[in-house]
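Here's the structure we're looking at; comments come further down.
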Amino acid sequence: MPTAQPSFRRIVDDIAGKISAGELKPGDKLPSTSQLADMYGVSNNTAYRALVILHDRNLIIGQQGRGTYVAERPGK
């Protein structure tokens, strides 16, 4: 029986997929950590962990006090 995908991975895959499909464009603001937690039915820590992974992949950028945004794509 396959193991269930961790909740943070589901969020990462969903947001990364929306970015690559063009649904989320560079400069688009993402929901806050608590909004993401509510949307996906997870804890704030789980939503935060997903955002850290997306940031590490250079898919999003955080601006202190302003929010989290889709990063510009390199070479564009």
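Being a predicted model, the structure only gives us computed values, none of them experimental. Values below: all heavy atoms of this structure, side chains included; hydrogens, waters and symmetry mates excluded.
Once rounded to the nearest 0.5 Å, the distance linking CG of Leu54 with CD1 of Ile60 reads 5.0 Å. Rounding to the nearest 0.5 Å places CG of Leu51 at 9.0 Å from OG of Ser32.
Residues Ser7 and Thr46 come closest through the heavy atom pair CB-CG2, 3.7 Å. Of all heavy-atom pairs spanning Ile11 and Ala47, the tightest one is CD1-CA, 4.2 Å. The nearest pair of heavy atoms linking Asn44 to Ala37 is OD1-CB, 3.3 Å.
In terms of the side chain to side chain contact (heavy atoms under 4.5 Å, CB included) criterion, residue partners of Asp13 (sequence neighbours excluded) are, by chain and number, Gln5, Arg9.
Other residues, nucleotides and ligands contribute at most 12 non-hydrogen atoms within 6.0 Å of the OH atom of Tyr48.
Using a 4.5 Å cut-off between side-chain heavy atoms of Ile, Leu, Val, Met, Phe, Trp and Tyr, with links allowed through other members, Met39 and Val70 fall into the same hydrophobic cluster. Under the 4.5 Å side-chain heavy-atom criterion for grouping Ile, Leu, Val, Met, Phe, Trp and Tyr, Ile53 is connected to Tyr40 within one hydrophobic cluster.
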Under 3.5 Å, which donor-acceptor pairs link side chains of residues 19-31 to any protein atom two or more places apart or in another chain?
{"from": "Ser20", "atom 1": "OG", "to": "Ala16", "atom 2": "O", "distance (Å)": "3.4"}
{"from": "Ser20", "atom 1": "OG", "to": "Gly17", "atom 2": "O", "distance (Å)": "3.1"}
{"from": "Lys25", "atom 1": "NZ", "to": "Gly22", "atom 2": "O", "distance (Å)": "2.5"}
{"from": "Asp28", "atom 1": "OD2", "to": "Lys25", "atom 2": "N", "distance (Å)": "2.8"}
{"from": "Lys29", "atom 1": "NZ", "to": "Arg66", "atom 2": "O", "distance (Å)": "3.2"}

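At a threshold of 4.0 Å, the pair Arg10-Asp14 does not count as salt-bridged, since none of the basic side-chain nitrogens sits closer than that to a carboxylate oxygen.
For the pair Leu59 and Ile15, the minimum side-chain heavy-atom distance is 4.5 Å or more.
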